[in-house]
Amino acid sequence: MVAPLYLEPKLDPPLTSLLASASLLHRLVDGLGSPLNVVVPERFAENVTRFRSVYRRHRLEGTVYFAHKANRSSALVRRLASTPAAVDVASLEELQHALACGFTPDRIGATGPKEPEFLWLAARTGATVNLDGHAELEALAALVRRHGLPRTQVLLRLSDFSGPAVKILSHRSRFGVPAPELSALLDAAERHRDAVEVIGVSYHLDTTSLEEKAVALEGCVHAMDECRARGMRPRVIDIGGGFGVNYLAHGAQWEHYTSQLALAAMGRRQALAWRNHSYGLSSEGGTLRGTLQLYPSHRPVAGADYLDELLRCPAPALGRPLATLLLENLYDLHVEPGRALLDQCGLTLSRVLETRREADGTHVVRLAMNADDCALEEHGILLDPVLLRRDRPPEEADGSAGPFGVYLHGNLCLESDLITRRLVFLPRLPVPGDLLAFPNTAGYCMDFNAHHAQRRPSARKVAAYRDADGWQWRLDDQYWPIHSTGDADEI
Ligand SMILES: *Cc1c(COP(=O)(O)O)cnc(C)c1O
């Protein structure tokens, strides 16, 4: 058999305590069905506090906007409303949801492509609009005039920044206006100054590279200079999201796993994944080709720590730390973390339906969910699930001790419905009725991809919270912040 390769998930409180409550989790799935998503509002509020403490450390003003698109939960957005954070909405429906969850429009930013109805409601209520380009600016200005809406505060989203001496180019983005074309956009904003007020500029880069983000942030400072030279009074630089999550407990396991993937792609060891899938790597005459199409599941610096590191980076041209540049100009810093604010905020549970031994000694474990109910693979995140045995303590000896290499298959009549394409190693072989818990799925993996194929309902979601009697739960839409003790708040 293949030597076991583990990718143990990073587990922090209170998720550790929830996972230790196996009988509660079994009862929840018995009552509410498989799969089941659990969110932890208490930890969400704590993550806001972590970001706020980076602001304090650098003496910066500004606001943390949660990128709502990363999770549909009502419980989480309601809990967020009782923290100092704001929310970033990317659709008419998310805007309506944020308003209904208790956010006043001064704490709402609207991003993403926007249809007229979305623009109207944002402008009508007074949310800040993060404009994607010329057409949106024209559409918004026309709506404001035609419908007598209040003058709308806007940010101008930029992309395609280029560094000075060093040749660092930011990733091309489908969104925003290329930074070199800012002047023409400002011409238009000046023409529409009765309808819109430019309060600043923004970017969102889907990259892990600090260098690229430093170039973009400094580019925004230059863009603000240009606004000021025209007599505008901009005060906000919004640096988007992408602060990342560290999903794995051990960097060494990740290093080892990815080097074994490379060996497998070159045919120098047994395959690690279903039908020799190699996550983007291949071999050409014995040379490794391609790039690993995976999220860097182990990230030593992620979330609020990543923001801290970015703010300490020297500005590529001016040389002073980026935080200093912001302070000197008295600019507010806005951030829009999605994934990072949801770190350790939830898990996905699935019932084991069947375990089948394959001819090569591996096993197939069929789960009562499909690959889009827990889209770890889709998002390139590799981590091991936690086995929650039914009616048995985790360590009880009963002849099932492994380790066992298993493929996790979904419940759709579709060859490609694999929860994991890679061989996952479990300490024991699951039996029907056991649960597998996939930790840390709240960011994008829980409901972003969920659908109703085969007329299956999508997973229910519950909010878990603690009181003096231990863990309690409510259906996601029945939870309000009055139900947790909420000591993580800061005002
Ligand atoms: C998706 C998105 C975010 C959040 O990105 P994360 O990687 O989840 O932090 C922030 N801002 C914008 C404009 C986005 O599209």
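Whatever order the structure lists ligands and atoms in, that order sets their numbers, starting from 1. Treat the numbers as computed from the prediction; the structure is a model and nothing was measured.
- Across D343, L341, L307, a single residue satisfies side chain to side chain contact (heavy atoms under 4.5 Å, CB included) together with F243, and that is L307.
- Looking at R339, H68, E336, it is E336 that brings a heavy atom closest to atom 11 (N) of ligand 1.
- A donor-acceptor contact under 3.5 angstrom links the side chains of S183 and E226, judged on distance only.
- Residue-ligand proximity, R157 to ligand 1, at heavy-atom distances under 4.0 Å covers atoms 13 (C).
- Heavy atoms from other residues, nucleotides or ligands lying under 6.0 Å from OH of Y295 number more than 12.
- Under 3.5 Å, the side chains of E138 and H192 contain a donor-acceptor pair of N or O atoms.
- Donor-acceptor pairing under 3.5 Å is recorded for the side chains of H379 and N449.
- Here C345 contributes atom SG and F44 contributes atom CZ; the two are 6.5 Å apart, rounded to the nearest 0.5 Å.
- For ligand 1, the atoms sitting less than 4.0 Å from at least one non-hydrogen atom of A67 are 3 (C), 4 (C), 10 (C), numbered in the order shown with element in parentheses.
- Counting atoms of ligand 1 from 1 in the listed order, those under 4.0 Å from a heavy atom of Y444 are 1 (C), 4 (C), 5 (O), 6 (P), 8 (O).
- The shortest separation from a heavy atom of P337 to ligand 1 is under 4.0 Å, placing the residue in contact.
- When each atom of ligand 1 is checked for a heavy atom of G338 under 4.0 Å away, the hits are 4 (C), 6 (P), 8 (O), 9 (O).
- Protein heavy atom nearest atom 15 (O) of ligand 1, with residue, atom name and distance: K69 NZ, 2.8 Å.
- In terms of protein heavy-atom proximity, atom 9 (O) of ligand 1 is nearest to G242 N, 2.7 Å.
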